[in-house]
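Inspection log for the structure reproduced underneath, given as structure tokens.
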Amino acid sequence: MSTSLEWGLLAPEFLLAGWAAFIILIDLFWGGLGKERLGWLAAIGVVAAGGLSLIWVNDAKQFGELADINDYTTLFRVLFTGIGATICILSARYVRDRLLNPGEYYALILLAIVGANGMAAAHELLTAYISLELLSFSLYALTAYAKFDLRSNEGGLKYMLLGAFSSAIFLYGIGLIYGTTGSTQYAVIGEVLSGDTSDIEWGMYLGLALMIGGLGFKVAAVPFHMYTPDAYEGAPIPITALISALAKAAGFAFFLKLFAVAFLPLIDDWRYFIAGLSVATMALGNLVAIQQRNVKRLLAYSSIGQVGYLLLGIAALSQDAASALVLHMIGYVVTNLAAFTCVILYYNWTGKEEIEEYKGLAERAPYVALCLTIALFSLAGMPLFAGFATKFILFQAAADQDLLWLAAVAAFFSFVSLYYYLILIREMYLGEPEEKTRFQTPWLEYTALTVLIAGVFLIGLYPKPVFNVVEDATATIFVSEELESGEDLVGVP
Amino acid sequence: MEFVLLALIVIPLGVCPLFMLIPSQYPQLSRYLAALAGGALFALSLLVFVVYEFDGGSGLRYELQWDWMENIGFLRENGITFYLGVDGIGAPLVLLNGVVIFAAVFVSWNIANRTKDFFVLLFLLVAGVYGVFISQDLFFFFFWYEVAVLPMYLLIAVWGASSEFGTFTRTKEYGAMKLTLMLVGSSVLIWVAIFALFVEAGAGTFDMTVLREATLDEDFQKWVFPLFMVGFGVLAGMWPLHTWSPDGHVAAPTGVSMLHAGVLMKLGAFGILRIGMTLLPEGAEFWAPVLMALGVTGAVYGSVSALAQTDLKYMVGYSSVSHMGFVLMGLASMNEIGVNGAVLQMFAHGVMTALMFTSVGALYDQAHIRDMTQFGGIAKRMPRHSAFFAIAGLSSLGLPGLAGFVAEFHIFVGVFEAGYWWAGGLGILSAAITATYILRMLSRAYFGPLNEKWAGLKEMRIGEQFAAVILIAMILFMGLWPAPFIDRISETVEMIPGIMG
């Protein structure tokens, strides 16, 4: 089949990849630019790529048989480049003070975004898999980037070994699905699976299970989460933020599209399996977080808990639930980046990252303490902030799909999470600081923080505009509408 | 008028950023701003109460409905709306909130540590409380409910005080954490019940006026009502889930105790009435005996516990549990006079407990202890303070002419009318125990020979006196002329399905 490919559709990815090479060259030939400015330069390229992807708003194009360029892709391109740009800006000072080889560092971030974009765009398993690997390998390298720090090496190695293992499992799953359905195209798989599947059952179910396992690893669902705390703790903090935001969001962009297009016909078979994963993930993430003493590990476990809520959206899969899931994910990403910005700022000032070392932050940097408090309350699902509105919508969407019990479990663990966030808040506001001096204000980071907190408030107080965009995006992956919500569940006699 | 309602939410939220802009070296400026905002809220609340007139239907007036999200996802027409309105039950409670915040600002005048942060959180709390009283959309009802709980942890943990007992300490962090976790934990039940209610009603909207019309299956009502009852009940201090209340109120700074015991606990009872009984009348009818039993147990248990306290603030804390027990009894009677009494009691208890906390706080600020056995004859040194505390106490034990009598009388008539003789009898016993501990406290600490140790005590601050006078004015207003309250409340209560005329 000779379809002429419209290469222009991938312009943002080309720009990102080219910019990555450009950054390396700049670093090589113009070291005088300084490590800090290199980060800002990288951010400019990322923002440009994000802007470029806006060309395809309300458009629906296909890149050959490999990828869609539609609202779904555009939404995630913008989200991923937003994450990437934020991380580049937040990295600037950290890299200047603590890391070697800034060129490759930023280049890897850019390549990770390319991978993430591919995962959202792909509508074919192998493209998605290659994108996934591009993202993963960039993150493995970045996790181990602080090469004189043992924790970083340990985290990177664990992440890579387990990641490679899970990739193999995932690939085996792809093989089985291809073998049983005869295609790697999501849509074709969906068609085959909605027909009679009695003669391919075993291979199909095994393939599905293996794929869920592989994806579960990438998004850090229990019991595939083992690497997360170590990788989070070991990685340079901006990279921790990148993993928590980009890897999760990209993983779910892929997860959601794949399951909505290809595996929706089998929903009755995998729904309770995913629901079980969701419960396990929420429970373990939130309960183990209580015992953490290190802020990065705390946020690692809290992000595992958040994955549990997102999996709930998959278990309740329908367009409503998908929109709610993506909305919650956007809220989570913005909130989590805000929280990490505060952690990075504090680390840049003091080099400290234990919870008890946050004592008295409210005295020394009231604005950062306030923003971190807001972010943590948002993660705990308190109102005025993003977490409340998005969790409310997500859990209600699950309840609408007859999963009220799961929504109840999620609401309960959301409450549990408040406890460990309050512990950190208590340190900041009640602890006595060792010295009373104020910290210097780095304006650029403060601006980024302000923007993120404004986002937390916007989503918390008026999520409708974002929700509308999300709804348009998810509409593209639910063409068949066969599981349109509500109608058969209405209780009015 | 609808914009007055809007202002009740906008003013407290709007002053928060203003406080933040005030440089922290000018705490006085923050106090003036707080007084200004508190005064405005008091004036507007009074206006709402005075102007409110029943107008048929469910009694809802001054409605303001703005789209927030609709026709998206599982939401249909009017999915979630920013819907304000006040009815005859909301009006007195709005007034209560206005009175207590205005008084609380003056009581909190001397807060020196992070003054502006304190007022930011205090006004956030107030905004949440107003929001609950005037929201007619279930989503926003819950939204504001959580907003009201949000600032509590920091308010108590940063500005509160720990209590030393002989063998153990109740730290302020303990009180704050216990309060926050119990309240947020209980709201999980409310949350789940809201999810279930939305799905069951199938109207695709959180508009409570629509949900009220929806026909809900009786079995559904029976299993969901207890979720609301327990979820809201925790905030209402329902036995046996009241334990956060004494610890939290004692640990909190005076102004916060006033708002919390005075107003916030009413949100719980209000939620049972507004959501539970109004939307799920058959469920309420089924569970009413249980609610009655829990209410009367709380009333007796609270008063007996108060009797055992020597710490003045713990005594007030347990008396709140006891009085909220009366409120639950009134609700559980499921007849007009009893529910009227419950709402009256919410108001009456709100002002008198705020007055009690003001008095205890004023004494503690000077004496730094609260053990009533250590005092004696301090009425000679603090005559006004003693008079204020005595009035609050007498209202609390139900002296005719004061607010407490009107409310408790309605409740007991309602309870007997509904046929709960045992509960009515125990309730009256509880009121008698209340008289015992109040009078005993007055005689031990305030009257009798002056303990020379306390010869140096001075009268309470003028700001505190002002706060006390406003609160006493309300106690007398309701005690001597309850008609405006009863008119407003009863007509709305009549319209609640399942309430016997």
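Chain letters run A, B, ... following the sequence lines, proteins first and then strands; every chain starts at 1.
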Would you check, one step at a time, whether the test ring pair (Phe, Tyr, Trp, His ring centres under 6.0 Å) holds for A/F388 with B/F139? CA-CA 11 Å; A/F388 177 81; B/F139 173 86; 5.7 Å; yes
Side chain from CB out, backbone as N, CA, C, O: work out which of these in A/E471 comes under 4.5 Å of a heavy atom of chain B, or both, or neither. side chain
By a 4.5 Å heavy-atom criterion (distance strictly below it), what part of A/A324 contacts chain B: side chain, backbone, both, or neither? neither
Residue from B/L154, B/V147, B/I72 scoring the most non-hydrogen pairs under 4.5 Å with chain A is B/I72
With only heavy atoms counted, which part of A/I393 is less than 4.5 Å from chain B, the side chain, the backbone, both or neither? both
Would the distance check show the side chain of A/Q319 and the main-chain N or O of B/G73 forming a donor-acceptor pair, the cut-off being under 3.5 Å? no
Counting only non-hydrogen atoms closer than 4.5 Å, does B/Y153 touch chain A with its backbone (N, CA, C, O), its side chain (CB onward), both, or neither? side chain
Where do B/M20 and A/Y367 land on the side-chain contact (heavy atoms from CB on, under 4.5 Å) test, with the steps shown first? CA-CA 10 Å; B/M20 290 184 198; A/Y367 185 66; over 6 Å; no
Is the ring pair B/W68/A/Y462 parallel, tilted or perpendicular, if the boundaries are 30 and 60 degrees? perpendicular
A/F392, part contacting chain B, at a heavy-atom distance under 4.5 Å: both
So for B/F140, is it side chain, backbone, both, or neither that comes closer than 4.5 Å to the heavy atoms of chain A? neither
Is the number of heavy atoms from other residues, nucleotides or ligands within 6.0 Å of CD (B/Q25) greater than 12? yes
Is the closest side-chain heavy-atom distance between B/F143 and A/M382 below 4.5 Å? no
Any side-chain heavy atom of B/V192 within less than 4.5 Å of one from A/F395? no
Taking all atoms of both residues into account, what is the closest heavy-atom pair of B/F74 and A/A397, and its distance? CE2-N, 3.7 Å
For A/L404 versus B/W223, what's the shortest heavy-atom pair and its separation? CD2-CH2, 3.6 Å
Top contributor to chain A contacts, counting heavy-atom pairs under 4.5 Å, from B/W191, B/W144, B/F142, B/Y145: B/W191
Engaged part of A/L461 at the chain B interface, taking heavy atoms whose separation is under 4.5 Å: both
Would you mind reporting whether B/E146 and A/L384 have side-chain heavy atoms less than 4.5 Å apart? no
CG of B/L181 to CG of A/L422: how many Å apart, nearest 0.5 Å? 6.5 Å
Kindly compute the distance separating NZ (A/K464) from CD (B/E70), expressed to the nearest 0.5 Å. 4.0 Å
For the CD atom of B/E173 and the CG atom of A/L430, what is their distance to the nearest 0.5 Å? 5.5 Å
Just checking heavy atoms, which of residues 407-420 of chain A are less than 4.5 Å from chain B? A/A407, A/A408, A/A411, A/F412, A/S414, A/F415, A/L418, A/Y419
May I ask you to list the residues in residues 119-130 of chain B that approach chain A closer than 4.5 angstrom, counting heavy atoms only, ordered by number? B/L124
